[in-house]
There are 2 protein chains.
Amino acid sequence: MTEEASPPPLDSAELGAYFALIEVSSLLRHAVEQQLRDVGDLSYVQFQILATLGDAADGSRRMTELADGVVYSRSGLTYQVGLLEKAGLVARSPSAEDDRGVTVTITEMGREVLARVFPGHIDVLRQLFLEPLARADIDSLARVLTVVRDHMRSIPPRSAKPRQKSAVRRSITGGGA
Amino acid sequence: MTEEASPPPLDSAELGAYFALIEVSSLLRHAVEQQLRDVGDLSYVQFQILATLGDAADGSRRMTELADGVVYSRSGLTYQVGLLEKAGLVARSPSAEDDRGVTVTITEMGREVLARVFPGHIDVLRQLFLEPLARADIDSLARVLTVVRDHMRSIPPRSAKPRQKSAVRRSITGGGA
DNA sequence: ACACCATGCTTCGAATTCGAAGCACTTCGG
DNA sequence: CCGAAGTGCTTCGAATTCGAAGCATGGTGT
């Protein structure tokens with residue numbers, strides 16, 4: 001262990017890009033969250049779910065696809081989709097080809113809510129995020145971040161988590177906090 | 001009722017920049033969170049707090065400064081600082097000039113933990129975030145995101161309560177290491 | 001000096017989050 | 001065809017989160 005001699009430190013631009021990325025996304029998320037709450041009584045995740053579904057060709061996705069799309073835990077998604085279903089904004093149905101799968105579909109009401117919150121959402125984005133940027137900056141940002149996103153998607157073994165059976169279960173769960 | 005005529009829709013680059021920003025920061029945060037958990041038994045927020053304190057000239061900050069710095073609720077910060085204090089990584093003391101203020105200071109042990117997790121932290125950043133980017137991309141990203149961050153900071157995003165006191169805002173990206 | 005509001009932090013309650021475990025079904029190997 | 005392993009989702013428990021309310025101190029006006 002501890003073969004970590006000491007990775008070369010990050011330079012100013014690298015650190016700056018990282019910290020600014022985190023802070024900008026945090027602030028943006030908070031602002032957007034507030035707007036969504038006000039206008040449509042939606043959490044950010046719920047909006048993401050609806051937006052993803054609304055964007056799908058037939059308005060539906062499988063649970064796992066959704067979870068990956070919004071970078072969320074499976075259980076958390078179950079919870080939120082449950083809320084959305086109770087509110088009548090999405091519908092759940094057993095997947096056609098795979099009986100253990102669940103297909104989530106956006107309802108008319110879901111589309112209405114989406115349509116209602118979208119304008120304000122865009123306003124917030126413009127005011128907080130896009131306003132101070134030049135056309136070229138936005139293009140550049142989109143290009144670079146897309147490269148990073150594609151890279152990240154390909155790196156982490158998202159669902160490559162080997163599942164241990166109880167027979168060989170080991171208590172490597174680091175004795176709690 | 002509202003003046004929402006119908007905001008001009010966002011174009012492809014604008015949407016791309018926004019979605020990619022959100023997804024990249026989410027994925028990055030998840031990955032970093034896992035690394036921190038493994039190596040130092042820290043949550044992301046706790047790391048941010050320690051890093052901010054470690055970056056401060058005298059290793060200490062007021063609660064409110066910290067909360068703003070990490071984009072966090074006051075109550076949430078109280079909770080996390082409480083945990084860090086219990087773990088012996090920070091110390092709380094009444095503020096010198098202001099008796100209602102609380103000054104949080106990083107301890108030696110806190111610095112040690114910080115030093116222990118930092119290398120791995122940087123590794124993750126390199127592998128997931130910086131790896132696919134050219135030098136110019138990183139510079140560009142840092143520049144553009146910094147512009148956005150400064151812009152967002154200047155807008156009243158939180159409560160419309162301007163608490164203009166002698167609170168000096170310092171950059172997180174300062175002395176470092 | 002005293003009332004009175006602003007500010008700094010903590011406490012409180014409710015909602016959300018995640019990972020682990022559990023259940024249901026599908027696929028693979030013999 | 002049967003059993004084992006893999007995959008998809010939900011349930012469960014514990015930890016974290018936020019906003020609102022509460023407490024204590026500072027600052028201001030008269």
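Lettering of chains follows the sequences in order, A, B, ..., and the numbering in each one begins at 1.
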B/His121 vs B/Tyr44 aromatic rings, parallel, tilted or perpendicular, using cut-offs 30° and 60°?
parallel
Check whether any side-chain N or O of A/Thr78 sits under 4.0 Å from OP1 or OP2 of D/dT11, and answer yes or no.
no
Work out which heavy atom in B/Ala67 is nearest to a heavy atom in B/Leu77; give both atom names and the distance.
N-CD2, 3.6 Å
In whole angstrom, give the distance that lies between atom CD of B/Glu85 and atom C1' of C/dT10.
13 Å
Integer-rounded Å distance: C/dT26 P and A/Arg62 CZ
11 Å
Interatomic distance where CE belongs to B/Met63 and C1' belongs to D/dC23 [whole Å]
15 Å
Taking all non-hydrogen atoms of both residues into account, name the closest pair between B/Thr52 and B/Gln48 and its distance.
OG1-O, 2.7 Å
Considering only NZ, NE, NH1 and NH2 on the basic side and carboxylate oxygens on the acidic side, decide whether B/Asp68 and B/Arg153 come within less than 4.0 Å.
no
Do the charged groups of A/Glu131 and A/Arg126 touch, with an N to O distance under 4.0 Å?
no
Give every pair of a protein N or O atom and an N or O atom of nucleotides 3-5 of chain C that lie under 3.5 Å apart, one pair per line with the distance.
none

Nearest-Å distance for atom pair CG/C1', residues B/Leu66 and C/dG8:
13 Å
Set out, in order, the CA-CA distance, both residues' side-chain angles and the distance that settles salt bridge (Lys or Arg N to Asp or Glu O under 4.0 Å) for A/Arg135 and A/Asp139, then state yes or no.
CA-CA 6 Å; A/Arg135 184 70 239 173; A/Asp139 290 341; 3.2 Å; yes
Search all heavy atoms of B/Ala31 against all heavy atoms of B/Leu128 and return the closest pair with its distance.
CB-CD2, 3.3 Å
Short question: side chain of B/Thr78, backbone of B/Arg74 - any donor-acceptor pair under 3.5 Å?
yes
Closest non-hydrogen atom pair between A/Arg62 and A/Gly101, with its separation:
NE-CA, 4.0 Å
Heavy-atom closest pair (B/Arg37 atom, B/Ser43 atom, distance to 0.1 Å) is NH2-CB, 3.9 Å
Only one of A/Arg29, A/Glu23, A/His30 forms a side-chain contact (heavy atoms from CB on, under 4.5 Å) with A/Leu27, so which one is it?
A/Glu23
Please list, by residue number, the residues of residues 92-103 of chain A whose heavy atoms come closer than 4.0 Å to an atom of DNA chain C; answer none if no residue qualifies.
A/Asp98, A/Asp99, A/Arg100
Once each nucleotide of nucleotides 15-20 of chain D is scored for protein heavy atoms under 4.0 Å, what B/S/- sequence comes out, 5' to 3'?
SSBBB-
